[in-house]
Amino acid sequence: MNGLSFSDICCLFCCPPFPSRIAAKLAFLPPEPTYSFIPDESGTKFALKLSDRAEWQYSQKELDNFEVFYTRTSRGNRIACMYVRCSPNARYTILFSHGNAVDLGQMSSFYLGLGSRISCNIFSYDYSGYGISTNKPYEKNLYSDINAAWHALRTKYGVSPENIILYGQSIGTVPTVDLASRYEVGGVILHSPLTSGMRVAFPSTKRTWFFDAFPRCLQIKGENKNCSEEREVSTVGNGTRVLNHIEKIHKVTSPVLVIHGTEDEVIEFSHGLAMYERCPRAVEPLWVEGAGHNDVELYGQYLERLKHFVSIELVN
């Protein structure tokens, strides 16, 4: 998460609203692409090629487990998708929405390792403006990106909703919660979730501002609609009604596992706690004592908790 400049602060408080600009400043930091898709002679199938910056940890043989392709979003963006066959007998497929400042190439080794250890296949995608996905990263694109990924997973691979686990990490929890509020799935994992953009930038913020980033904002009084559809709303001080990210969590009817490091320096631990407290079907959370924003996966209890969630809690 990058900071706000003086001009951005002025835009926030002197001449709001610029929701997409605020969202970009608070959340989006796409890296230079670390991979490419190499088409075959027909131009219809692609092979994954990783650069050195992807830091691939396995052999070329393991890359044969990766299937890559493009799909189109409702906003006309072409996004890169990746399906990783990690386990031949996998019951669940994880639809993984990754965090900020990484792309599919950098996540590829992690996906293979994670899926192999918890016996799940992994399906992931790059947000618009990340990796080789087209257009730019805006909040409104996040929702159409995950919708396109969802439909690709359902139609191309025939995975039914009860066998899909939605996994959102950091900024990826934004589209994950949105999708989970509309579809019942096998389970949901929220890893270092944020409640809203303003609450990340200004931790003392308690109210929902109409120009907040990631509120799933619908300005009822005006013409500016950042939602793809009208949904539940709440009223803020100026009479404008908005649907906040944290206020959508109660619509999630699937089992939810919340994971957060207690020393997270990017998204405070209080965000994860708040999301957990509002989940109707939250299971026992994983609070990783001493972990920050980028090292939760290095703690032994991370994998153990995921295994228990997937193989015992969801099955029973």
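This is a predicted model, so every value here is computed, not measured.
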Chemist: On a heavy-atom basis, which atom in Leu314 and which in Gly186 lie closest, and how many Å separate them?
Modeler: CD2-O, 3.3 Å
Chemist: Between Ile165 and Leu153, is there shared hydrophobic-cluster membership here, with clusters defined by ILVMFWY side-chain heavy atoms closer than 4.5 Å?
Modeler: no
Chemist: For the pair Arg91 and Glu162, find out whether any cationic side-chain nitrogen is under 4.0 Å from an anionic carboxylate oxygen.
Modeler: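 No.
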Chemist: If we ignore hydrogens and angles and just use 3.5 Å, is the side chain of Arg305 paired with the main-chain N or O of Glu284 as donor and acceptor?
Modeler: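 Flag set: sc Arg305 to bb Glu284 pair under 3.5 Å.
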Chemist: With Leu306, which of Ile94, Ile118, Leu286 fulfils side-chain contact (heavy atoms from CB on, under 4.5 Å)?
Modeler: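 Exactly one candidate clears the test, Ile118.
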Chemist: Of the non-hydrogen atoms in Gly129 and Pro30, which two are nearest, and what is the gap between them?
Modeler: O-CB, 3.4 Å
Chemist: Is there side-chain contact between Val174 and Leu194, with heavy atoms separated by less than 4.5 Å?
Modeler: yes
Chemist: To the nearest 0.5 Å, what is the distance between CZ on Phe269 and CD on Glu289?
Modeler: 8.0 Å
Chemist: Would you kindly say whether Asn100 and Tyr130 are connected by a side-chain donor-acceptor distance under 3.5 Å?
Modeler: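 Checked: Asn100/Tyr130 side chains pair up, N/O donor to acceptor below 3.5 Å.
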Chemist: Are Val310 and Val288 grouped together when hydrophobic residues (ILVMFWY) are joined by side-chain heavy atoms under 4.5 angstrom apart?
Modeler: yes
Chemist: If I take atom OG1 from residue Thr176 and atom CD1 from residue Ile171, how far apart are they, to the nearest 0.5 angstrom?
Modeler: 11.0 Å
Chemist: If you apply the rule side chain to side chain contact (heavy atoms under 4.5 Å, CB included), what do you find for Ser119 with Tyr92, and how did you get there?
Modeler: CA-CA 8 Å; Ser119 299; Tyr92 294 105; over 6 Å; no
Chemist: Following the transitive rule for hydrophobic clusters with a side-chain heavy-atom cut-off under 4.5 Å over Ile, Leu, Val, Met, Phe, Trp and Tyr, establish whether Met107 and Met82 coincide in one cluster.
Modeler: yes
Chemist: Tyr183 versus Ile164: any side-chain heavy-atom pair under 4.5 Å?
Modeler: no
Chemist: Please walk me through it: do Val185 and Trp150 pass side chain to side chain contact (heavy atoms under 4.5 Å, CB included)?
Modeler: CA-CA 11 Å; Val185 296; Trp150 165 265; 3.7 Å; yes
Chemist: Between Asn121 (side chain only) and Ala90 (backbone N and O only), is there a donor and an acceptor less than 3.5 Å apart?
Modeler: no
Chemist: Supply the atom-to-atom distance Met275 CE to Ile249 CD1, rounded to the nearest 0.5 angstrom.
Modeler: 4.0 Å
Chemist: What is the minimum heavy-atom distance between Phe110 and Glu297, and which atoms define it?
Modeler: CE1-CG, 3.8 Å
Chemist: Go through the side-chain N and O atoms of Asn65 and Tyr58 and say whether any donor and acceptor fall under 3.5 Å apart.
Modeler: no
Chemist: Could you please spell out the steps behind the side chain to side chain contact (heavy atoms under 4.5 Å, CB included) verdict for Leu95 and Leu179?
Modeler: CA-CA 11 Å; Leu95 174 50; Leu179 190 71; 4.0 Å; yes
Chemist: Ser181 side chain to Lys248 main-chain N or O, any donor-acceptor pair under 3.5 Å?
Modeler: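 Between the backbone of Lys248 and the side chain of Ser181 there is no qualifying donor-acceptor contact (under 3.5 Å).
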Chemist: Could you grab the distance from atom CD1 of Ile146 to atom OG1 of Thr73, nearest 0.5 Å is fine?
Modeler: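 If we round to the nearest 0.5 Å, Ile146:CD1 and Thr73:OG1 are 13.0 Å apart.
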Chemist: Do Ser128 and Asp145 have a side chain donor and acceptor closer than 3.5 Å?
Modeler: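 Yes.
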Chemist: Around atom CD of Glu265, are there more than 12 heavy atoms from other residues, nucleotides or ligands closer than 6.0 Å?
Modeler: yes
Chemist: Does the side chain of Pro31 reach to within under 4.5 Å of the side chain of Gln106, using non-hydrogen atoms?
Modeler: yes
Chemist: In this structure, which one of His191, His293, His98 forms a side chain to side chain donor-acceptor pair (under 3.5 Å) with Ser170?
Modeler: His293
Chemist: Step through it carefully: locate the ring centre of Phe37, locate the ring centre of Tyr35, and say whether they are under 6.0 Å apart.
Modeler: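 Phe37 vs Tyr35: aromatic centres under 6.0 Å.
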Chemist: Can you name the closest pair of heavy atoms from Val258 and Gly272 and give their distance?
Modeler: CG1-O, 3.6 Å
Chemist: Are Val266 and Trp287 connected in the hydrophobic side-chain network, where two residues link if heavy atoms are under 4.5 Å apart?
Modeler: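 Cluster IDs for Val266 and Trp287 match.
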Chemist: Between Glu67 and Lys45, is there a salt bridge with N-O shorter than 4.0 Å?
Modeler: no
Chemist: Does Asp40, at its CG atom, have more than 12 non-hydrogen atoms belonging to other residues, nucleotides or ligands within less than 6.0 Å?
Modeler: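 Check passes, neighbour count above 12.
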Chemist: Would you say the side chain of Tyr302 lies within less than 4.5 Å of the side chain of Leu114, judging by non-hydrogen atoms?
Modeler: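 SC-SC contact between Leu114 and Tyr302 confirmed.
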Chemist: Got a donor-acceptor contact below 3.5 angstrom from the Thr262 side chain to the Gly290 backbone?
Modeler: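 Such a contact is found between Thr262 side chain and Gly290 backbone.
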Chemist: Nearest heavy-atom pair of Gly105 and Leu50: which atoms, and what distance?
Modeler: CA-CD2, 3.8 Å
Chemist: Any side-chain donor-acceptor pair under 3.5 Å between Ser133 and Tyr70?
Modeler: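 Side-chain D/A pair, Ser133 to Tyr70: absent.
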Chemist: Measure the spacing between CZ of Arg117 and CG of Leu303 and express it to the nearest 0.5 Å.
Modeler: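 Arg117 CZ to Leu303 CG: 6.5 Å, rounded to 0.5 Å.
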Chemist: Should Phe46 and Trp56 be regarded as members of a common hydrophobic cluster, given that ILVMFWY residues are connected when their side-chain heavy atoms come within less than 4.5 Å of each other, either directly or indirectly?
Modeler: yes
Chemist: Does any non-hydrogen side-chain atom of Phe66 lie less than 4.5 Å from one of Leu112?
Modeler: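 Yes; the side chains approach each other to less than 4.5 Å.
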Chemist: Contact between Ile79 and Tyr127 at the side-chain level, heavy atoms closer than 4.5 Å - yes or no?
Modeler: no
Chemist: Mind checking the OG-CG spacing from Ser144 to Asn135? Nearest 0.5 Å is all I need.
Modeler: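 Ser144 OG to Asn135 CG: 9.0 Å, rounded to 0.5 Å.
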Chemist: Between the side chain of Asn147 and the main-chain N/O of Tyr143, is any donor-acceptor distance below 3.5 Å?
Modeler: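 Side chain of Asn147 to backbone of Tyr143, a donor-acceptor pair under 3.5 Å: yes, one is there.
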Chemist: Using every non-hydrogen atom in the two residues, find where Ile132 and Pro33 come nearest and quote the distance to one decimal.
Modeler: CG2-CB, 4.4 Å
Chemist: Assess, by modelled atom type and distance only, whether the side chains of Ser124 and Tyr111 contain a donor and an acceptor separated by less than 3.5 Å.
Modeler: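 A donor-acceptor contact under 3.5 Å links the two side chains.
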Chemist: Is there a donor-acceptor contact under 3.5 Å from the side chain of Arg281 to the main chain of Thr253?
Modeler: yes
Chemist: Hey, is the main chain of Val159 close enough, under 3.5 Å, to the side chain of Arg154 for a donor-acceptor pair?
Modeler: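 Judged by distance alone, yes, a pair lies under 3.5 Å.
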Chemist: Using a 3.5 Å distance criterion without hydrogens, assess whether the side chain of Asn141 forms a donor-acceptor pair with backbone atoms of Lys136.
Modeler: yes
Chemist: Could you tell me whether the side chain of Val177 reaches within less than 4.5 Å of the side chain of Pro193, counting heavy atoms only?
Modeler: no
Chemist: Distance-only, no hydrogens or angles: does the Asp295 side chain make a donor-acceptor pair with backbone N or O of Gly292 under 3.5 Å?
Modeler: yes
Chemist: Among Ser87, Ser108, Ser116, Cys86, exactly one meets side-chain contact (heavy atoms from CB on, under 4.5 Å) together with Ile122. Which residue is that?
Modeler: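 With Ile122 as partner, side-chain contact (heavy atoms from CB on, under 4.5 Å) holds for just one option, Cys86.
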Chemist: So do the side chains of His260 and Ile267 get within less than 4.5 Å of each other, counting heavy atoms only?
Modeler: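 Sidechains of Ile267 and His260: in contact.
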Chemist: Does NZ or CZ of Lys156 lie under 6.0 Å from the centre of the six-membered ring of Phe69, at an angle within 45° of the ring axis?
Modeler: yes
